Amino acid sequence: MKPERIAIYARTSTVAGQSPQMQLQELTEYAGRRGFQIVEEYVDHGSSGSKESRPALDRLMNDARRRKFDAVLVWKIDRFGRSLRHLVNSLAELESLGVAFISLRDNLDLSTPSGRLMFGIIAAMAEFERALIQERVKAGLRHARAKGKKLGRPRVTVDVDRVAALRRSGTSWKTISQKLGVGVGTPYKARR
C-alpha cells in the first residue's frame with residue numbers, strides 16, 4: 001500500500017544554534033516529489049534522541065493511533081530515536097497500526113518489501129542484544145551468590161505487639177504502615 005497522507009517528524013538536540021528548518025525543507029521537498037499530502041509537522045526542539053518521551057513525538061504516536069496519517073517521514077532515523085529498544089518498539093507499534101515509516105537519509109521505507117526486511121533485521125538484532133543482556137545479568141547474579149552475597153530486598157522486621165495494639169485501638173492498616181514506615185502488607189503479614 002502506497003502511503004498518501006504523511007506526518008513529518010523533526011528533532012534538534014539543543015535549542016541554541018540548531019534549527020529543524022533544514023530537515024523540514026528536505027522532507028517537504030521529498031514529500032512533494034512523491035506526491036504525499038503532509039497532514040502535520042511534529043517538531044521537538046532541544047530534545048535528546050535517547051529520551052523515549054518527547055512532546056511532539058508523543059503527539060505523533062497518539063495521532064498515529066487515531067489513524068490521522070498513513071506514514072511517518074523523518075530526515076534520519078536517529079532524529080526519531082537513538083535507543084534501539086525504543087526504535088524497535090515504536091516502529092513495531094507503527095507497523096501494527098498500518099502506519100509506514102520512511103527515513104529519507106537512511107533510505108529506509110517500511111512500506112516496501114525491502115524496508116520491511118530491513119526492519120526484521122533490526123528487530124532480530126534488538127532481540128539478540130536483549131538476550132545478551134539477560135545472559136550477563138544472570139551470570140552476574142550467579143557470581144554474586146557464589147561469593148555469598150544476599151540477593152533481593154532486605155527483610156523488614158516489625159514489632160508485632162505494636163501492630164496488635166494499634167489494630168485493637170481501631171487504627172487502619174494503611175495508618176499503621178505509615179506510622180511504622182513500611183508497606184501496607186508488611187504489618188498485615190506480621191500480625192498473621
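Note that this is a predicted model, so its numbers are computed, not measured.
- Asp44 contributes no side-chain N or O that, together with a main-chain N or O of Arg11, makes up a donor-acceptor pair within less than 3.5 Å.
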Next on the checklist: Using the rule given for side chain to side chain contact (heavy atoms under 4.5 Å, CB included), can you reason through Gln23 versus Val43, listing the C-alpha separation, both sets of side-chain angles and the distance that settles it, and then say yes or no?
Outcome noted: CA-CA 10 Å; Gln23 294 175 46; Val43 182; over 6 Å; no

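- Arg5 places no side-chain N or O within 3.5 Å of a backbone atom of Ala71 that could act as its donor or acceptor partner.
- Counting heavy atoms from C-beta outward, Val74 and Phe101 have side chains that approach closer than 4.5 Å.
- Under the 3.5 Å distance criterion, the side-chain polar atoms of Ser169 are matched with a main-chain donor or acceptor of Leu166.
- Rounding to the nearest 0.5 Å places CD of Glu95 at 13.0 Å from OG of Ser90.
- Between Val99 and Val72 there is a side-chain heavy-atom pair separated by less than 4.5 Å.
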Item to check | Steps toward side chain to side chain contact (heavy atoms under 4.5 Å, CB included) verdict (Tyr9, Leu57) | outcome: CA-CA 8 Å; Tyr9 179 76; Leu57 181 62; 3.9 Å; yes

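- Figure legend: cation-pi geometry between Arg167 and Trp173, with NZ or CZ positioned under 6.0 Å from the six-membered ring centre and within 45° of its axis.
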Item to check | salt bridge (charged side-chain N to carboxylate O under 4.0 Å, His left out) between Arg79 and Asp106, worked out | outcome: CA-CA 11 Å; Arg79 298 292 87 197; Asp106 298 310; over 6 Å; no

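- Contact between Thr12 and His45 at its shortest, heavy atoms only, is OG1-CA, 3.4 Å.
- Note that the CG atom of Leu73 and the CD atom of Glu26 stand 10.5 Å from one another [nearest 0.5 Å].
- To the nearest 0.5 Å, atom OG of residue Ser103 and atom NZ of residue Lys76 are 7.0 Å apart.
- Note on Leu24: it clusters hydrophobically with Met22, by side-chain heavy-atom contacts below 4.5 Å among ILVMFWY residues.
- Under the 3.5 Å distance criterion, with hydrogens and angles disregarded, no donor-acceptor pair is assigned to the side chains of Gln25 and Gln21.
- Side-chain contact check for Pro187 versus Val182: some heavy-atom pair is nearer than 4.5 Å.
- Taking 4.5 Å as the limit, some side-chain heavy atom of Glu41 sits within range of a side-chain heavy atom of Thr28.
- Of all non-hydrogen atoms in Pro20 and Ala10, the two that sit nearest each other are CB-CB, 4.2 Å.
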Checklist entry - Please walk me through it: do Leu141 and Leu151 pass side chain to side chain contact (heavy atoms under 4.5 Å, CB included)? => result CA-CA 8 Å; Leu141 291 172; Leu151 302 175; 4.0 Å; yes

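- Residues Asp109 and Thr112 form a side-chain contact, since some pair of their non-hydrogen atoms from C-beta on lies under 4.5 Å apart.
- If you check the side chains of Arg59 and Asn62, you find no donor sitting under 3.5 Å from an acceptor.
- The line from CG of Leu91 to CG of Leu110 is 6.0 Å long, rounded to the nearest 0.5 Å.
- Under the 4.5 Å side-chain heavy-atom criterion for Ile, Leu, Val, Met, Phe, Trp and Tyr, Val158 and Val184 are members of the same hydrophobic cluster.
- The shortest distance between side-chain heavy atoms of Gln134 and Val137 does not fall below 4.5 Å.
- The shortest distance between side-chain heavy atoms of Gln37 and Ile6 does not fall below 4.5 Å.
- Side chain of Arg54 to main chain of Phe80: a donor-acceptor pair is present (N/O by atom type, distance under 3.5 Å, no hydrogens or angles).
- Rounding to the nearest 0.5 angstrom, the gap separating the CD1 atom in Ile8 from the CG atom in Leu104 is 10.0 Å.
- Two residues are said to be in side-chain contact when any heavy atoms from C-beta on lie closer than 4.5 Å; Phe69 and Leu60 meet this criterion.
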Checklist entry - After noting the C-alpha distance and the side-chain angles of Ile102 and Leu108, does the key distance pass the side chain to side chain contact (heavy atoms under 4.5 Å, CB included) rule? => result CA-CA 6 Å; Ile102 304 167; Leu108 178 65; over 6 Å; no

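- A donor-acceptor pair under 3.5 Å is absent between the side-chain atoms of Thr175 and the main chain of Thr171, judged by distance alone.
- Here CZ of Phe36 is found 9.5 Å from CD of Glu4. Values are rounded to the nearest 0.5 Å.
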